[in-house]
Asker: 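Please read through the structure below; I'll follow up with questions.
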Amino acid sequence: MNRKSLLIWLLMLGLMFVTFTWMGNREKSAAGPKAVTISELIGMVEADQVKEVLISGKERGGKEIAAVTKKDEALKSFALDTDDLRKALNAHKVKYAEREAPDSGGSVWLAVLLNFLPIILIVFFVLWMMNRAQGGGGASRVIGGHTATKAKLYQTSDTTFNDVAGIDEAVEEVRDLVGFLSNPKAFNRLGGRIPRGVLLVGPSGTGKTLLGRAVAGEAKVPFFYGSASEVVEMFVGTGAARVRDLFEKAKKQAPCIIFIDELDAVGRKRGGTSFGGGHDEREQTLNQILTEMDGFSPNTGVIILAATNRPDVLDQALTRPGRFDRQVVVPAPDVKGREAILKVHARGLKLAPDVDFSIIARGTAGMTGADLEQILNEAALHASKTGKEAVDMSDVSFAVDKVTMGPERKSMVLTAKQKRDTAYHEAGHTIVGWLTAGCDPVHKVTIVPRGRALGVTMSLPVEDKHCLGQPELVALIKMLFGGRCAEDLILGYGTTGA
């Protein structure tokens, strides 16, 4: 919410607060004095119960009378003729005063206006909401500009394919996009059609956004970046209007790239299961995306890149050819890819000669590029904190342990017996893993508590394993049971740690 929209909301809330406060005070004041007839008031004067009286009004049209009893009770009355009241007041020597009431025409209109002000505010708010729901025409643009796209425009991108590592196949798939954007005529001279959209599919942190920036940097074209979750609002129609605004701006910048992150936030399958029969904000936004992608004339030079880690939930109309013509899988890197990624992220670090990226890559199986970047960053912070001039292998090892197993629980106090039992348990894992064929080589053993574990035995795979056979599974089971067997042999009983 921008500043202008915030001021409008505060002004509306302030007006409603003042109005309701005034109406409440008016009701209280109106319910204050007790109403009596003129005859009852004259009788109270003759009974010496009245202390003072105020008569206000003109000669014609009647007069309002306010009185206070000797018990400080407020009274009010009205009379067309007050001669009898004056005689009674003079006879009983009651203090009274008379005044001519001012013209109340303006105050009457003000009272009427204030009475209807809450209704006026509610009608104005409903009309504003309806205007936004219809796509955000004139008034909605004036009130806050909610229909403008939130996608950021980058005229140039410094990222190139040299900054992308570990996903060589995905890079080759999108490399053609650079040629499409740089020289589209070379590709459609035989009648071919440039892809309208490319869908990047893969787990979080594998480099999908980085890949999109690299394509824009290689082609030297503008780059629109936006998240699908930023488009959807609670008001129906706002997301569709933002999508229209995004594509209008992109056509003016062509050739360019539109990158939509978290596409599954709006691209889920439509089934009418949502509240209101399925025609909610998310579905209207998805329909607008489909319309815009179909509405592109061929070879306009605008290519849509979208990223998701949930391709299974996307609507079929979104993933069919003609909209997203290509699906590029961006998987977690293998051991060689992890080594290449580490070298890319280590360019700005001061490293000691003992840092071996191959060992780090072997010990980080299953990690993505974002995880590896975090490890090197944690290593650099640890080296700085300990006063070193360069990041060495011990800092990297510390960072790997921290990321994979959690920080050291130095505040956890273990007795000598608990440490001994943990040491025997981890020794069982180590011995069985060392002597059993098919087990990965043991790399590190520790009895320093980390996370939920009192100790850890870490193996270092020689290579990534995408398929395990029965001998490897049996060897793994033996190593896992090695800790429990050591407890039975040495201690004579098992512990909850096993």
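Values below: all heavy atoms of this structure, side chains included; hydrogens, waters and symmetry mates excluded.
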Asker: Going by the rule side-chain contact (heavy atoms from CB on, under 4.5 Å), which residues pair with N377 if we only count those two or more places apart in sequence or in a different chain?
Answerer: L381
Asker: Heavy atoms only: give me the nearest M367-P333 pair and the separation to one decimal.
Answerer: O-CD, 3.4 Å
Asker: Using only atom types and a distance under 3.5 Å, with no angle test, would you say the side chain of T436 pairs donor to acceptor with the backbone of G433?
Answerer: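 Between the backbone of G433 and the side chain of T436 there is no qualifying donor-acceptor contact (under 3.5 Å).
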Asker: Mind listing the closest non-hydrogen atom pair of V221 and P255 along with its distance?
Answerer: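 For V221 and P255, the tightest heavy-atom pair comes out as CB-O, 3.4 Å.
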Asker: Can a donor-acceptor pair be found, under 3.5 Å and without considering hydrogens, that links the side chain of E218 to the backbone of F161?
Answerer: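 Answer holds: yes.
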Asker: Once you round to the nearest 0.5 Å, how far does NE2 of H345 lie from CD1 of I375?
Answerer: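 H345 atom NE2 to I375 atom CD1 measures 10.5 Å (nearest 0.5 Å).
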Asker: Test H429 against V445 for side-chain contact (heavy atoms from CB on, under 4.5 Å), laying out the working first.
Answerer: CA-CA 9 Å; H429 288 311; V445 183; over 6 Å; no
Asker: Evaluate whether atom CZ of F398 has more than 12 neighbouring non-hydrogen atoms of other residues, nucleotides or ligands under 6.0 angstrom away.
Answerer: yes
Asker: Parallel, tilted or perpendicular: which describes the rings of Y225 and F259, with under 30° parallel and over 60° perpendicular?
Answerer: parallel
Asker: Donor-acceptor pair, distance only, cut-off 3.5 Å: does the side chain of D488 make one with the backbone of C485?
Answerer: no
Asker: Measuring from atom CD1 of I303 to atom CG of L177, what distance do you get when rounded to the nearest 0.5 angstrom?
Answerer: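 Answer for the CD1-CG pair, I303 versus L177, is 5.0 Å.
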Asker: Among H443, H425, E426, which residue satisfies the side-chain hydrogen bond (donor to acceptor under 3.5 Å, both in side chains) criterion with T457?
Answerer: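 Answer to the side-chain hydrogen bond (donor to acceptor under 3.5 Å, both in side chains) test with T457 among H443, H425, E426: E426.
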Asker: Tell me every residue that passes side-chain contact (heavy atoms from CB on, under 4.5 Å) with D163, counting only those two or more places apart in sequence or in another chain.
Answerer: T159, T160, R347
Asker: For residues 304-314, which side-chain donor-acceptor pairs fall under 3.5 Å, sequence neighbours excluded?
Answerer:
| from | atom 1 | to | atom 2 | distance (Å) |
| --- | --- | --- | --- | --- |
| T308 | OG1 | D264 | OD1 | 2.8 |
| T308 | OG1 | R310 | N | 3.0 |
| N309 | ND2 | S204 | OG | 2.9 |
| R310 | NE | D312 | OD1 | 3.2 |
| R310 | NH2 | D312 | OD2 | 3.2 |

Asker: Using a strict threshold of under 4.0 Å (side-chain N to carboxylate O), is an ion pair present between K336 and E339?
Answerer: no
Asker: R323 and L318: which non-hydrogen atoms are nearest, and at how many Å?
Answerer: CB-O, 3.7 Å
Asker: Kindly give the heavy-atom pair with the smallest separation between V400 and G363, and that separation in Å.
Answerer: CG1-O, 4.4 Å
Asker: Can you tell if the side chain of R362 reaches within under 4.5 Å of the side chain of V335, non-hydrogen atoms only?
Answerer: yes
Asker: Might you work through the side-chain contact (heavy atoms from CB on, under 4.5 Å) test for Y493 and D421, ending with a clear yes or no?
Answerer: CA-CA 11 Å; Y493 55 85; D421 294 349; 4.2 Å; yes
Asker: Heavy-atom count check: over 12 atoms from other residues, nucleotides or ligands less than 6.0 Å from K444 NZ?
Answerer: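 Result for NZ/K444: enclosed.
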Asker: Checking K208 side chain against V330 main chain: does a donor-acceptor pair fall under 3.5 Å?
Answerer: no
Asker: Just verifying a value: how many Å separate F357 CZ and M393 CE, rounded to the nearest 0.5 Å?
Answerer: 9.0 Å
Asker: Considering only heavy atoms from C-beta outward, does the side chain of F324 approach that of T319 to under 4.5 Å?
Answerer: no
Asker: Counting C-beta onward and ignoring hydrogens, is there a side-chain heavy-atom pair between R420 and L491 closer than 4.5 Å?
Answerer: yes
Asker: Has R338 got a side-chain atom pairing as donor or acceptor with L372's backbone, closer than 3.5 angstrom?
Answerer: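 Here the side-chain-to-backbone pair does not exist.
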Asker: Indicate yes or no for a side-chain donor-acceptor contact from D371 to the backbone of Q374 under 3.5 Å, with no hydrogens or angles considered.
Answerer: no
Asker: Taking atom CG of L476 and atom CG of D440, what is their separation to the nearest 0.5 Å?
Answerer: 8.5 Å
Asker: Do the side chains of L211 and V171 get nearer than 4.5 Å, heavy atoms only?
Answerer: yes
Asker: What do you reckon, is CG of D354 surrounded by more than 12 foreign heavy atoms closer than 6.0 Å?
Answerer: yes
Asker: If I take atom OG1 from residue T422 and atom NZ from residue K417, how far apart are they, to the nearest 0.5 angstrom?
Answerer: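 T422 atom OG1 to K417 atom NZ measures 9.5 Å (nearest 0.5 Å).
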Asker: Counting only N and O atoms by type, is there a donor-acceptor contact under 3.5 Å from the side chain of T386 to the main-chain atoms of H382?
Answerer: yes
Asker: Taking all non-hydrogen atoms of both residues into account, name the closest pair between G212 and F223 and its distance.
Answerer: O-CE1, 3.4 Å
Asker: Side chains of V329 and E169: closer than 4.5 Å at any heavy-atom pair?
Answerer: no
Asker: Can you find a heavy atom in the side chain of D245 that is under 4.5 Å from one in the side chain of K249?
Answerer: yes
Asker: Find out whether V243 and V266 are in side-chain contact, i.e. whether some heavy atom of one side chain is under 4.5 Å from a heavy atom of the other.
Answerer: no
Asker: Please report the C-alpha distance between F481 and V432 in whole Å, then the side-chain angles of each, then the deciding distance to 0.1 Å, and finally whether the side-chain contact (heavy atoms from CB on, under 4.5 Å) criterion is met.
Answerer: CA-CA 9 Å; F481 274 98; V432 174; over 6 Å; no
Asker: Would K388 and S394 satisfy side-chain contact (heavy atoms from CB on, under 4.5 Å), going step by step from the backbone distance to the final call?
Answerer: CA-CA 11 Å; K388 296 180 181 179; S394 63; 3.1 Å; yes
Asker: Taking all non-hydrogen atoms of both residues into account, name the closest pair between A437 and A475 and its distance.
Answerer: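 That closest heavy-atom pairing would be O-CB, 3.5 Å.
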Asker: Would a 4.5 Å heavy-atom cut-off, applied to side chains only, mark V403 and T364 as touching?
Answerer: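 No, their side chains stay 4.5 Å or more apart.
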Asker: Measure the CD-NZ distance between E292 and K251 for me, rounded to the nearest 0.5 Å.
Answerer: 5.5 Å
